[in-house]
Structures are given as structure tokens and as C-alpha cells.
4 protein chains.
Amino acid sequence: MVLALKKTGSRRATQRISPRKSPHQARSRDTVDAILRATARILVKHGYEGTTTNRVAEVAGVSVGSLYQYFPGKEALVAALVERHQAEMLEALKPDPAMLGLPLDELVPRLCEAMLRAHAVNPALDSVLYEVAPRLGKPPTVLRDTGVALVKAILEIHGPKLRPLDPDLTAFMVVKTVEGLCHEATLSRPELLKDPRFLDEMSELLLRYVRPG
Amino acid sequence: MVLALKKTGSRRATQRISPRKSPHQARSRDTVDAILRATARILVKHGYEGTTTNRVAEVAGVSVGSLYQYFPGKEALVAALVERHQAEMLEALKPDPAMLGLPLDELVPRLCEAMLRAHAVNPALDSVLYEVAPRLGKPPTVLRDTGVALVKAILEIHGPKLRPLDPDLTAFMVVKTVEGLCHEATLSRPELLKDPRFLDEMSELLLRYVRPG
Amino acid sequence: MVLALKKTGSRRATQRISPRKSPHQARSRDTVDAILRATARILVKHGYEGTTTNRVAEVAGVSVGSLYQYFPGKEALVAALVERHQAEMLEALKPDPAMLGLPLDELVPRLCEAMLRAHAVNPALDSVLYEVAPRLGKPPTVLRDTGVALVKAILEIHGPKLRPLDPDLTAFMVVKTVEGLCHEATLSRPELLKDPRFLDEMSELLLRYVRPG
Amino acid sequence: MVLALKKTGSRRATQRISPRKSPHQARSRDTVDAILRATARILVKHGYEGTTTNRVAEVAGVSVGSLYQYFPGKEALVAALVERHQAEMLEALKPDPAMLGLPLDELVPRLCEAMLRAHAVNPALDSVLYEVAPRLGKPPTVLRDTGVALVKAILEIHGPKLRPLDPDLTAFMVVKTVEGLCHEATLSRPELLKDPRFLDEMSELLLRYVRPG
DNA sequence: TATGAATGAGACTTCATTCAT
DNA sequence: CATGAATGAAGTCTCATTCAT
């Protein structure tokens with residue numbers, strides 16, 4: 001007879017995702033920093049499964065204990081990295097307010113370029129995080145609701161000069177197209193991220209999509 | 001054939017990827033089938049880490065031993081599932097040769113629809129496999145070189161009626177755009193996969209991209 | 001800022017106590033047996049804290065994995081031992097039905113003797129289990145409700161020849177007195193368990209307690 | 001003074017038991033007090049294993065460092081609590097010298113009542129400490145040799161009015177019976193500690209045991 | 001003296017894989 | 001071929017204790 005146990009699914013069903021403490025003192029901040037940096041390196045090199053808390057701690061030059069002082073587990077660790085990485089990308093994407101006044105023909109390439117630049121910083125890390133994010137309950141994409149909202153706003157501003165379109169759906173299309181392309185390029189042809197022809201085509205794709213006619 | 005994979009940090013470093021034996025007899029085929037079906041279910045429910053060979057065997061109703069009779073290890077197991085799933089999708093996408101003669105305005109929607117239909121079959125499984133494939137050294141996307149080649153062919157056939165374009169790059173753009181959108185939709189708004197408006201927009205996006213003017 | 005986590009108290013708050021599988025085959029039964037035997041030895045020698053699953057497995061001559069195949073954790077392991085040990089003691093205490101017809105003056109010494117004999121088998125293990133049982137949610141004493149019920153029945157049978165008394169309370173007093181004395185003796189003067197004078201005094205104590213006058 | 005304890009399998013083998021410094025100043029006394037109070041609370045709530053020095057310090061509102069300023073380790077901490085608790089109980093039990101002159105029929109109930117009162121103060125703490133004491137090399141019972149000696153003295157004073165008995169063994173029986181009953185009641189029916197019927201029965205049990213006839 | 005970040009040995013536990021039956 | 005008990009390397013995580021500030 002086999003007593004069936006409640007299966008727990010993944011290794012730790014009740015894994016807390018949120019960090020444990022926020023680092024106050026400079027020492028702590030350094031520790032957390034080193035840990036996240038190490039996580040990124042290992043994640044890129046060994047993938048999620050190959051990323052172990054011990055290895056991270058070792059590479060970070062701290063003890064496992066310290067790691068667990070700030071992160072309740074592996075998931076939280078990676079989640080924090082995702083968070084941080086996305087924040088950095090968003091930072092890199094923050095649109096110059098002046099830019100928004102530009103005609104679409106100039107605005108779109110600029111935004112695309114920002115996007116590509118953001119992805120070109122660390123494509124390898126990008127890939128892994130993109131792959132890993134869903135498991136952490138995080139949407140993998142950088143441009144989330146904010147991005148869609150921004151695009152929708154732009155579409156509405158330029159509405160009169162565009163073909164008739166549903167701003168919500170179109171914004172979704174635009175954002176996801178860009179992100180999809182960036183991601184696909186990152187995965188299969190990272191050199192494209194810096195190739196001006198790729199930028200041109202992407203802009204062309206989007207502009208033609210919304211232009212009247 | 002036995003492939004040594006790069007050490008992944010997973011429990012067993014040396015891993016063979018190809019199935020151990022081909023299921024010649026009916027019973028074997030059933031067993032393999034049950035195992036892959038179980039793998040899919042568990043993968044969807046618990047993710048890659050939560051997928052254990054023992055659990056798979058249990059759900060499939062066979063012993064672990066039997067599982068290892070057909071698959072040399074966990075990776076091979078999942079790889080086989082990816083393989084099979086992508087084959088099924090490609091099957092669903094196989095273009096009716098007659099279709100290729102259609103004008104682009106009809107062809108593109110048809111292809112897009114096929115693509116969406118293929119993704120709509122089991123979006124959840126799709127997501128996981130997409131996430132898991134890179135770790136197995138497989139390209140995650142369904143449309144690989146074949147897809148790009150097909151599109152390039154189509155572009156060349158219809159060349160005269162299109163704006164001047166680089167068939168290689170454009171084929172890449174087109175394929176990746178479609179796949180990116182499908183994937184993004186699968187992940188964040190699976191209901192769109194069956195929404196005709198999504199299909200329309202996707203077609204519009206692509207057609208406008210290649211049409212002259 | 002310190003984010004307070006739900007404190008979990010002991011190391012594993014949700015520790016399952018019940019065994020995992022029941023051993024069918026002879027091989028399994030031997031394994032379980034060896035494990036419990038080893039647990040007893042280590043518990044006696046190193047106490048609860050010093051009892052680790054690894055050490056138990058090692059002493060039992062099996063792998064940790066096997067241990068965890070049958071017991072979900074340390075607590076369950078010890079709980080099973082408590083269970084088994086108490087069952088053995090109860091077995092040793094099972095009163096000869098004929099005995100119950102004896103006059104109290106003979107019955108009481110016999111029961112006491114059985115009790116002392118039961119405790120004398122492995123006083124050291126007794127002590128530890130007694131000490132450890134409460135933590136496992138088990139009542140530490142061997143004679144639980146059954147014992148009290150038995151004594152109550154005896155009291156009622158012999159009622160007319162006794163002083164007036166409340167059978168419930170008296171049964172509790174009697175049982176707990178005997179167990180208390182056995183336990184105290186086990187702890188501080190185990191040699192008394194085999195000393196006939198101790199048996200005599202215990203009988204005297206109880207008989208005087210219930211005799212009229 | 002530094003004592004090496006037998007290796008217990010706990011995290012740090014070498015452990016000192018005696019407090020590090022005596023709290024001379026008022027602030028120190030308060031700190032020590034807070035720490036012991038916290039220890040008691042946590043011990044009751046989480047058991048010995050769930051009692052961590054960090055948690056104790058936190059609850060006590062001091063830093064771990066401070067805790068270690070006053071106690072050389074976890075064992076010493078708990079040992080100090082046991083010590084203090086037993087001292088308090090002994091204090092509560094200190095017999096009024098006048099009382100010793102009373103006839104047994106009055107003396108015994110008074111002593112029993114004192115005993116019960118002492119146990120009723122904090123039965124929960126009592127239980128844990130009782131469980132924990134052996135591990136610290138302390139006898140778990142409150143009434144140790146002193147108690148037995150006291151009872152022996154009483155028995156000898158009242159000797160002529162009692163049945164013939166061995167004062168040593170009888171004193172042991174009496175003390176252990178009382179402690180056993182108190183402990184058993186604490187564990188399984190704490191409400192009895194305040195029930196006058198329990199007191200009556202306990203007195204009756206003891207008096208009948210020593211009275212002639 | 002107090003603080004609390006850091007340490008790291010070692011406990012617990014899992015699960016891919018093997019192999020005797 | 002199937003079975004499933006057994007294995008044990010390796011991962012996760014804790015917590016008693018120290019020590020720089």
C-alpha cells in the first residue's frame with residue numbers, strides 16, 4: 001500500500017519571492033550587489049538549473065548564510081535580478097519628453113533604437129531572464145502595461161495623421177511586435193541588435209502598420 | 001547516438017538526448033505515448049524543475065524502469081516531447097501547395113490563421129516548451145530555417161508585386177514577427193489566439209510591410 | 001527596513017508525521033526494521049538533537065534515500081519508533097484475562113510487576129521517548145485511555161470491597177501514580193525497576209489507597 | 001568556569017553552561033531578565049529546537065551580541081532558565097517551619113497544596129523545562145535530594161505514629177509519587193492542578209500509604 | 001558595551017538513475 | 001521486458017556563534 005502524499009509540485013511550493021531585508025548599510029548593499037552580479041554571471045553561464053545558491057555565494061565571495069539573509073531562496077534571488085534588470089532597461093528606455101513631440105517618422109526609429117540599445121547591453125542575460133521570468137510569476141517582457149499605455153498615448157496624439165485604428169489593440173500589436181522581434185533577435189541572431197538595417201526594417205514595419213493608406 | 005551535453009549543473013552531467021529504442025511494437029508505442037502525455041501534463045502543471053522522472057512514470061502508469069527503457073534520461077524525455085510537439089505544429093502548418101498560388105492578400109491571412117490555430121491547440125504546453133527548449137539545445141521556435149526559407153520563397157515568387165526588399169532579412173522579419181506575436185499572445189493574452197481581430201491585425205501588419213508604396 | 005517573514009517556529013512547520021509507504025516485500029520490511037533499530041540506538045546515545053537522518057541511515061546500513069522512502073522526515077521516524085515501542089510495551093502489558101478474577105491483593109502486584117517489567121526492557125530508550133513524545137503530538141505515557149479504562153473497570157468490579165470512591169478520578173490517580181513512579185524510577189534510579197521492594201511498595205501504595213477504612 | 005559537555009550532536013559541540021557574567025548593574029539585570037523571559041515564551045511556543053538565539057534576542061529586544069554577552073550559548077541560556085524556574089518553584093515550596101510541627105493529617109495536604117500551587121503557576125513552561133532539563137544534565141524534578149531529605153526527616157519525626165517503614169525508600173516513593181502526579185497532571189490534565197478533589201486524593205493517597213494498619 | 005552583518009558547518013531532503021528480482 | 005527498492009551526490013537552507021564597527 002502506498003500512502004499518497006500531497007504532491008508539492010516544485011521543490012518548494014511555498015517559496016517566498018520577496019526579498020528578506022533591504023540593505024541599509026554600505027556593507028550590506030555591497031553584499032547584495034555582489035550576490036546579484038554573481039547570479040547574473042552564473043545564470044548566463046549555467047542556466048537556471050545550474051544556478052545554485054552555493055555557487056552564487058561562492059562566486060559572489062560571500063557565505064551562503066549571507067545570501068539567505070537577503071533572499072529567502074533561489075527563486076527570490078533570480079526574481080530580484082529580473083526586477084533589477086528590467087528596471088535598468090526601463091531606465092534606458094525612459095523617453096525624452098521632448099522626443100514625444102517629434103513626427104512619427106522620427107519618433108518611431110528613435111524608440112526602436114532605444115529598445116535595441118537596451119537589449120544590446122547584455123543579450124545573454126536578457127535571454128535567460130526572459131526564459132526564466134514566467135516561472136517567477138513575472139511577465140517576461142520589459143514593456144508591460146506602462147509600455148502599452150505609452151504607445152497608446154502616442155497613437156492617440158498622432159491619431160489624425162494615422163489610418164483608423166483601435167488604439168488598444170494596435171498598441172498591444174506594436175509593443176509585442178517590437179518585443180518579440182527584440183527577443184527573437186536576441187535569441188537567434190544577437191548581432192542584429194546592433195545592425196542598422198534591422199533597426200530600419202523594424203521602424204518600417206511599424207510605420208507602415210499605422211500610416212494611412 | 002550519444003551526445004554529451006555541456007554540463008548544466010543538473011543532477012547528472014552526462015546526458016543522452018536521443019531516444020533509446022524506437023517503439024516497434026504496438027505496446028511500446030502505447031507506453032511511449034503514455035509517457036510523453038504524462039510528461040506534457042506534468043510539465044504544464046509543475047514546470048521543468050517540478051517534473052521528475054518518477055512522477056512522470058507514476059502518472060503514465062508505468063515504472064521508472066520502463067521509462068528509462070525508452071528514454072535515456074530526463075532531458076531526452078523532454079526533448080522528445082518538444083520534438084513531437086513541434087512536429088505536430090509543423091504538420092498543422094504544412095501549407096496546402098495550392099495555397100501558394102493565391103494572391104498575397106489571401107495567402108497571408110491563411111498562413112497567419114494556420115499559425116494561430118497551431119498555437120491555440122495547447123497554449124499552456126506551448127509556453128513551457130518554449131521556455132524549456134533552449135535548455136535542451138533546441139531552437140524554441142516552430143518555424144525554423146524551413147519557415148524562413150518558405151517565406152523567402154514566397155517573397156521571391158511575389159517579388160514583382162512588392163516593394164523592393166532584401167528577401168533574406170525580410171523573411172526573417174516576417175517569420176520572427178509572427179512567432180513573436182504568437183508567443184507573446186500565448187504568454188500574456190491567450191484568448192487572442194482565437195480572436196479574429198488579432199488575425200486581421202497580424203495580416204495587416206505583414207501585408208503593409210511588404211506591399212509597395 | 002526589515003520585512004518580517006512569517007516565522008515558522010521549528011525547522012519544518014509542516015512536518016508530516018505519518019509514514020510514507022508500508023513495506024510489503026521482505027526486503028522493505030528489513031529496511032524499515034533496520035532503520036527503526038538504528039533510530040533507537042542513536043536516540044539513546046545522542047538524544048533527539050543528535051539524531052540526524054544521515055546518521056540513522058548510516059548506522060542502519062542503508063542510504064538516506066531509502067530512509068526517506070519510508071519516512072518523510074526525522075519527526076516521522078521518531079514518531080514511528082514511539083508508536084512501535086509503545087505497542088510493544090502494551091503487548092507486554094496485555095493482562096491475562098484469568099488474572100482479572102483474582103482478588104485485588106494479588107491482582108495489583110501482578111499488574112505492577114508487568115508494568116515494571118515492561119519498563120525494565122529498555123529503560124534508556126524509554127526515557128528518551130518519554131521526553132520526546134510530547135513534541136510529536138503523542139501522549140508520552142504507555143497507558144493512555146485504555147489503561148485508565150481498564151483500571152476503572154477493575155475498580156468497579158471490586159467496588160463493594162473498596163472504600164467509596166469516584167472511579168474516574170481514582171482510575172486516573174492510580175494509572176498516573178504508577179506511570180509517574182515508573183518514569184521517575186527509570187530516570188533517576190533504574191535499578192529500582194527490578195527491585196522487589198519497589199514493587200512491594202508500589203503495590204502497597206495502591207492497595208492502601210483503595211482499601212476501605 | 002567552563003565546562004565541556006558531552007558532544008550532543010548539536011551545532012556547537014563545546015558548550016559552556018554557566019552564565020558569563022553576573023549582572024551587577026541594574027541595566028544588565030534588566031537585559032538578562034528580558035532574555036530569560038523571551039526564552040521562556042519561545043520555548044513554550046516553539047519547543048527547544050524552535051528556540052534560536054537570534055529569535056530570543058529579537059523577542060527580548062536586544063541584539064544577539066548582547067545575548068552572548070550574558071550567556072555563553074544556547075544551552076547555557078536554557079539551563080539558566082531551568083535554574084531560575086526551579087529556584088522560583090522551590091521558593092514557593094519553602095515550608096513554613098511552624099508547619100512542620102503540624103500533625104500529618106494537616107501537614108500533608110498543605111505540602112501537596114504548595115506543590116500543586118507551584119506547578120499551576122506556569123504549567124506550559126513546566127512541561128517544556130521538564131522535557132528539556134535532562135538534555136542539560138539537570139535532573140528534571142524540582143524536589144531533588146533536598147526534597148527527599150525533607151520528607152525523610154518528616155517521616156522520622158512522625159515515625160512512632162506511622163506503620164513500620166524504611167524511611168529512605170518511603171521518602172523516595174512519596175516524593176516521586178507527588179512529582180509524578182504533578183507532572184502527569186501538568187501534561188495531560190492541567191486543570192486538575194487547581195482542582196481541590198485532586199489535592200484531596202493526592203493527600204489521601206499519601207496518608208494512607210504511611211498510616212499504620 | 002551594544003549592534004547586527006557575516007560566517008560556514010552541517011542538517012535536511014530530493015530525485016535522476018541503476019539493478020536485482 | 002517490467003518492476004520498484006535502493007542509491008547517494010548534490011542542493012537547499014538554518015542557526016549558533018563571532019567580530020568589525
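All values below come from the heavy atoms of this structure, side chains included, with hydrogens, waters and symmetry mates left out. Naming: A, B, ... by sequence-line order, numbering from 1 per chain. Given the structure is predicted, the values throughout are model-derived calculations rather than measurements.
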(message) Side chains of B:I35 and B:T39, heavy atoms from C-beta outward: is any pair under 4.5 Å?
(response)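 B:I35 vs B:T39: side chains touch.
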Roughly, in whole Å, what's the span from [atom1] in [X] to [atom2] in [N]?
X	N	atom1	atom2	answer
C:R29	F:dA6	CZ	P	12 Å
B:R55	F:dG4	CZ	C1'	18 Å
A:Q69	F:dT17	CD	P	17 Å
D:D30	E:dA2	CG	P	12 Å
D:K74	F:dT18	NZ	P	15 Å
A:E75	F:dG11	CD	C1'	14 Å
A:E58	E:dT7	CD	P	13 Å
A:F71	F:dT12	CZ	P	15 Å

Does the side chain of [X] get closer than 4.0 angstrom to OP1 or OP2 of [N] through an N or O atom?
X	N	result
B:T53	E:dA16	yes
A:Y70	F:dC13	no
C:Y68	E:dT13	yes

Nearest of [options] to any side-chain atom of [X]?
X	options	result
A:T52	F:dA9, F:dG11, F:dC13	F:dG11
B:S63	F:dT12, F:dG4, E:dA16	F:dG4
C:V64	F:dG8, E:dC12, F:dC13	F:dG8
C:T31	E:dA2, F:dA6, F:dA2	F:dA6

(request) Answer yes or no: is there an ion pair linking C:R37 with C:D33, defined by an N-O contact shorter than 4.0 Å? (result)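 Yes, C:R37 and C:D33 are salt-bridged.
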(request) Give a yes-or-no answer on whether the side chains of B:T31 and B:S28 include a donor-acceptor pair shorter than 3.5 Å. (result)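 No, B:S28 and B:T31 have no side-chain donor paired with an acceptor closer than 3.5 Å.
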Can you tell me how far the [atom1] atom of [X] sits from the [atom2] atom of [Y], to the nearest 0.5 Å?
X	Y	atom1	atom2	answer
B:L36	B:R84	CG	CZ	4.5 Å
A:T51	A:L77	OG1	CG	8.5 Å
A:E49	B:K74	CD	NZ	6.0 Å

(request) Tell me which of A:S66 and D:G65 sits closer to the 5' end of DNA chain E, going by the nucleotide each one is nearest to. (result)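 Upstream on the strand: D:G65.
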(message) If you count heavy atoms of other groups shown closer than 6.0 angstrom to CZ of A:R41, is the number above 12?
(response)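 Not buried by this count: 12 neighbours or fewer within 6.0 Å.
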(message) Identify the stems formed by DNA chain E, where each pair is Watson-Crick or G-U wobble with both distances under 3.5 angstrom and a stem is at least 3 consecutive pairs.
(response)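 DNA chain E stems, ordered by first number: E:2-21 with F:2-21.
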(message) Should the side chain of B:N54 and the base of E:dA16 be counted as holding a donor-acceptor pair, with the cut-off at 3.5 Å?
(response)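 When only heavy-atom distances are counted, B:N54 does reach the base of E:dA16 through a donor-acceptor pair under 3.5 Å.
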